[in-house]
Amino acid sequence: MNDLLDSLNPEQKAAVTLGEKSALILAGAGSGKTRVLTSRIAYLLQSDMAYPSEILAVTFTNKAAKEMLTRLSTMMPVNVRAMWVGTFHGLCNRMLRLHHNEAGLPASFAILDQSDQLSAVKRIMKANGISDEEFKPREVQNYINRCKEEGLRAKDAPINFQRGSAFREIYDLYEKILIREGACDFAELLLRSYELLKNHPLILEHYQNRFHFILIDEFQDTNKLQYRWIKLLSGIGEPGRRPNSVFAVGDDDQSIYAFRGANVGNMQDFVREFKIGEPIRLEQNYRSQGNILDAANGLIANNSQRLGKKLWTEAGEGDKVRVYSAPSDVDEAAYVVDTVKEYADLGTPYKEMAILYRSNAQSRVLEAEFTRRGIPYSVYGGLRFFDRAEIKNAISYMRLAENTADDSAFLRVVNLPARGIGAKTIETLINFAGDNGISLYDACGYAKGAAAAKLEVFRAIIEDLREKKDELPLSKFVDYTVEKSGLKEMYELDPNGSERLENLRELTSAATGYVDAEAIDEEDEEESVRDENMTALQGFLSHASLEAGENQAKADQDAVQLMTVHASKGLEFNLVFITGLEDGLFPHGNSMGSNKDLEEERRLMYVAITRARKNLYITLAERRMLHGTTRYSSQSMFLRELPEENLKWLSKPGYTDSDDSDDYSSGGSGYGFARGSKFSRRGSSDWSNNNYRESGRTYNSNMPEWAKGILGGKLEKQQENKIRAKIDNGSPYKSGDRLLHEKFGAGTVLSTKGVGEELVLQIKFDRSGVKDLLYRIAKKKISDL
DNA sequence: CTCGGTCAGTTTTTT
DNA sequence: ACTGACCGAG
């Protein structure tokens with residue numbers, strides 16, 4: 001116990017030894033957050049304040065959960081089994097499997113990941129004659145998820161001014177179909193679990209009485225629904241109940257998931273609703289050298305919405321942050337790899353080096369360069385194992401064996417390998433199933449003619465798998481599925497299929513590994529981890545959807561780590577490169593419209609900087625190939641926000657620390673590329689309009705003067721057209737006009753709002769009620785009456 | 001009706 | 001480079 005506390009600084013110790021009151025710990029980057037969390041759990045157990053079964057710990061990633069348990073086991077012998085530790089999604093899944101009846105789900109409900117969900121949305125839109133040009137499936141998906149995160153079912157979902165009620169109607173259809181299929185998307189796991197607790201007082205009470213200590217990591221990244229889930233479990237505000245202790249750890253400066261519904265406001269709400277006096281601030285940084293930390297502090301000071309926190313370190317100043325501007329993305333990659341080589345020669349292990357980028361697309365050039373130079377690297381994230389097509393195919397067969405109503409899985413593999421079941425048969429099937437409210441699988445039984453025989457072949461395969469799933473051990477079943485489905489043969493015949501076969505073999509190992517891990521967990525424990533009603537197959541399928549990431553296998557090899565900035569959160573390296581510091585890329589172009597989004601980008605940059613322990617390099621390219629286009633950009637506004645005194649500008653590769661002769665200063669103005677660059681921009685810091693795009697091939701050198709003129713002209717013209725469109729209302733309909741819509745029938749225009757692209761008609765339809773329709777979209781569907 | 005080939009548009013980040 | 005749409009052959 002003393003060992004446990006002695007190694008902590010006063011603030012950390014204060015946090016760890018808190019009583020049962022709820023608390024908020026503001027833990028800056030590198031301030032020992034994970035340590036505080038695990039020490040807190042160890043403290044609760046060692047001081048007999050809690051039994052393991054009273055502890056509920058929520059982490060942001062599965063990896064963090066695993067790490068917490070590993071660290072805890074090294075601190076003390078602990079009955080890990082009895083605690084509930086995992087992500088919100090993992091814990092909700094666990095709860096739903098246990099109470100699936102009360103939650104209104106079949107025992108074998110499927111989990112749809114992001115891409116499954118997107119195809120489901122597309123499918124439903126198609127089946128209902130809604131074109132994906134009219135409403136982008138991705139936007140519909142976002143809308144549905146946003147609604148669920150707000151706790152809203154389709155009937156309560158908001159109508160959007162621009163799109164009328166169309167999104168809500170799709171959501172409604174989606175909701176019904178998922179219930180029929182017995183499938184849950186990610187957000188549904190949370191919402192259903194929340195509703196389960198809300199609607200079943202006895203179940204809620206059971207968990208409230210059990211989890212006296214609730215710990216939450218990365219609290220700044222929780223969404224509103226997750227907060228409400230926690231609030232419910234804590235029992236706060238319930239008369240006559242002593243609320244459970246909620247120990248929330250977070251850092252508002254590292255909130256980078258707002259795009260996914262994360263709500264930093266949860267921190268303020270938590271302080272208010274749980275009556276937290278003053279949060280405990282952990283500001284001493286044990287990770288980075290002074291210059292790196294000062295750069296991070298300087299940058300984040302530009303954000304307005306902050307709880308306020310300033311990191312400090314006892315470590316020395318260290319080296320300045322190096323900034324290197326390359327003429328092109330290829331040169332940038334070459335510079336990075338050269339520098340990696342230099343550090344490696346001086347003794348830094350490859351795995352202590354990380355290359356960070358804003359978007360996945362940037363990894364390609366870097367990978368090419370690493371490959372060319374023969375330096376080991378491993379890409380973190382990117383395409384995950386369980387996201388690979390061949391793996392998803394095999395998993396889909398298993399999902400069908402588990403739950404034949406899983407239409408997503410059905411559609412993926414019904415004709416894979418090809419069995420002569422084409423688009424027409426499937427369309428007929430979808431219509432029949434839709435009209436009769438049955439699954440596609442069940443609809444097969446009603447097929448007629450030639451299609452019937454072909455569908456029967458598929459059905460026979462699934463029926464066979466259904467029998468075998470209970471007979472065979474999991475890994476044997478995986479093998480059997482790959483064989484029986486015909487996938488094995490298909491990839492054997494494919495000249496490029498060997499890697500895919502290899503991956504399928506790895507799926508078998510993954511299954512073996514999964515079963516073994518569960519067995520070890522259960523060894524010394526009378527209470528099974530896997531809940532009584534979850535079979536190994538169900539567990540494995542959940543695992544495939546929820547833990548689709550974490551390339552753990554590669555972790556021990558000595559390789560340079562390539563990853564997005566998002567993926568780097570929580571990690572640290574001796575040497576870090578942050579690449580692509582160009583306006584439009586970082587901050588990303590889609591985020592430069594609003595200050596709120598821009599502040600999130602800045603936090604992202606803050607996260608990136610604070611990954612570095614000893615050395616940090618920031619690089620950028622004046623020209624870059626992206627999506628088959630060469631784009632020219634100016635330097636990121638974030639570079640100008642970094643304190644000058646912490647930076648050192650470099651130019652050409654081959655630079656060494658002791659040689660200052662090619663040291664380029666960015667100069668007093670702080671704008672533009674390094675002095676000497678043909679691309680220096682002077683004067684205005686207006687970043688909204690200085691990316692030039694031209695489709696076609698790469699230029700040999702910097703963009704010629706004449707091209708700038710022409711392209712600039714094009715942009716002006718476009719702008720002009722936009723403005724013109726805005727001035728001109730151009731509504732072909734006035735209030736009182738009658739019109740005919742192909743879906744909603746006849747109606748009367750009540751009013752028009754907006755102009756040009758934004759023109760919205762409010763129409764009272766004779767049979768479908770009042771709707772707001774965006775004219776730009778509706779015009780294809782309406783005619784005069 | 002199905003299949004395999006070609007072509008265009010594409011992506012910011014992820015449990 | 002990965003997917004979805006389209007087209008002509010069987």
Side-chain angles (χ1 to χ4, degrees), chain A residues 58-65 86-93 111-115 117-119 122 126 131-133 136-138 141-142 145 148-149 184-190 217-218 221-223 225-226 255-262 356-365 367-368 380-384 386-389 415-428 449-451 454 494 542-550 563-569 580 584-593 597 600-601 603-605 607-608 625-629 695:
Chain A
V58 195
T59 59
F60 189 64
T61 63
N62 295 297
K63 204 174 116 218
T87 61
F88 277 104
H89 297 90
L91 295 167
C92 288
N93 179 43
I111 300 174
L112 303 187
D113 66 21
Q114 201 76 248
S115 64
Q117 184 187 32
L118 186 61
S119 8
K122 284 183 187 166
K126 209 169 194 172
S131 90
D132 52 5
E133 309 238 315
K136 292 221 175 79
R138 235 216 166 77
Q141 182 186 23
N142 279 335
N145 289 337
K148 290 190 180 186
E149 280 152 13
C184 287
D185 56 51
F186 283 157
E188 181 72 24
L189 289 172
L190 295 165
D217 194 9
E218 308 283 9
D221 285 329
T222 52
N223 65 37
L225 186 57
Q226 290 165 339
S255 159
I256 55 175
Y257 285 97
F259 73 90
R260 198 173 93 183
L356 310 183
Y357 34 82
R358 175 64 179 83
S359 63
N360 279 309
Q362 288 167 253
S363 78
R364 200 168 301 271
V365 190
E367 284 186 67
Y380 216 83
L383 188 59
R384 290 125 188 262
F386 286 105
D387 283 342
R388 290 171 191 278
N415 196 35
L416 199 92
R419 308 188 168 86
I421 302 165
K424 199 70 203 180
T425 304
I426 289 169
E427 195 190 319
T428 318
K454 291 168 179 168
D494 181 349
S542 298
H543 174 84
S545 303
L546 294 174
E547 311 193 22
E550 287 129 58
M563 66 189 82
T564 62
V565 180
H566 281 91
S568 77
K569 193 159 84 153
L585 195 60
F586 199 177
H588 195 275
N590 295 359
S591 302
M592 304 208 307
D597 290 348
E600 175 144 322
E601 293 285 311
R603 291 193 293 270
L604 202 48
M605 182 65 186
V607 167
M625 272 294 265
L626 221 54
H627 313 139
T629 337
S695 74

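Being a predicted model, the structure only gives us computed values, none of them experimental. Basis for what follows: all heavy atoms, side chains included, without hydrogens, waters or symmetry-related copies. Numbers restart at 1 for each chain; the letters A, B, ... are given by sequence-line order, proteins then strands.
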Under 5.5 Å between ring centres and under 30° between planes: true for A/Y257 and the base of B/dT14?
-> no
Counting heavy atoms from C-beta on, name the nucleotide in [options] closest to the side chain of [X].
{"X": "A/K126", "options": "B/dT14, B/dT11, C/dA5", "answer": "C/dA5"}
{"X": "A/S359", "options": "B/dT13, C/dG4, B/dT14", "answer": "B/dT13"}
{"X": "A/K424", "options": "B/dT14, B/dC3, B/dC1", "answer": "B/dC1"}
{"X": "A/R364", "options": "C/dA1, B/dT14, C/dG4", "answer": "C/dA1"}
{"X": "A/T425", "options": "B/dC1, B/dT11, B/dT13", "answer": "B/dC1"}

Length of the line joining [X]:[atom1] and [N]:[atom2], which is rounded to integer Å:
{"X": "A/Q141", "N": "B/dT13", "atom1": "CD", "atom2": "P", "result": "14 Å"}
{"X": "A/K569", "N": "B/dT14", "atom1": "NZ", "atom2": "C1'", "result": "11 Å"}
{"X": "A/L416", "N": "C/dT3", "atom1": "CG", "atom2": "P", "result": "12 Å"}
{"X": "A/K136", "N": "C/dG4", "atom1": "NZ", "atom2": "C1'", "result": "15 Å"}
{"X": "A/R388", "N": "C/dA1", "atom1": "CZ", "atom2": "C1'", "result": "15 Å"}
{"X": "A/Q362", "N": "B/dT10", "atom1": "CD", "atom2": "C1'", "result": "16 Å"}
{"X": "A/K454", "N": "B/dC1", "atom1": "NZ", "atom2": "P", "result": "10 Å"}
{"X": "A/E427", "N": "C/dA5", "atom1": "CD", "atom2": "C1'", "result": "15 Å"}

Trace of the side chain to side chain contact (heavy atoms under 4.5 Å, CB included) decision for A/T59 with A/E218 = CA-CA 7 Å; A/T59 59; A/E218 308 283 9; over 6 Å; no
Does a side-chain N or O from [X] land closer than 4.0 Å to OP1 or OP2 of [N], or not?
{"X": "A/T61", "N": "B/dT14", "result": "no"}
{"X": "A/N415", "N": "B/dT2", "result": "no"}
{"X": "A/S591", "N": "B/dT13", "result": "no"}
{"X": "A/N590", "N": "B/dT11", "result": "no"}

Tell me what A/A187 touches on the nucleic acid: a base, only sugar-phosphate, or nothing, going by heavy atoms under 4.0 Å.
-> nothing
Using a heavy-atom cut-off of under 4.0 Å over every strand shown, decide if A/F88 touches base, sugar-phosphate, or nothing.
-> nothing
Pairwise 5' ranking along DNA chain B for A/R419 and A/E600, keeping only the more 5' one | A/R419
Most 5' of A/E601 and A/G420 on DNA chain B, judged by nearest nucleotide = A/G420
What is the ring orientation for A/H543 with A/F386, classed by angle as parallel under 30°, tilted 30 to 60°, or perpendicular over 60°?
-> perpendicular
A/F60 six-ring centre to A/K569 NZ/CZ under 6.0 Å and within 45° of normal | yes
Hey, would you say the A/H566 and A/F259 ring centroids sit under 6.0 Å apart?
-> yes
No-hydrogen, no-angle side-chain donor-acceptor test under 3.5 Å, A/D185 and A/Q141 | no
Between A/F586 and A/E601, what is the shortest heavy-atom contact and its length?
-> CE2-O, 3.6 Å
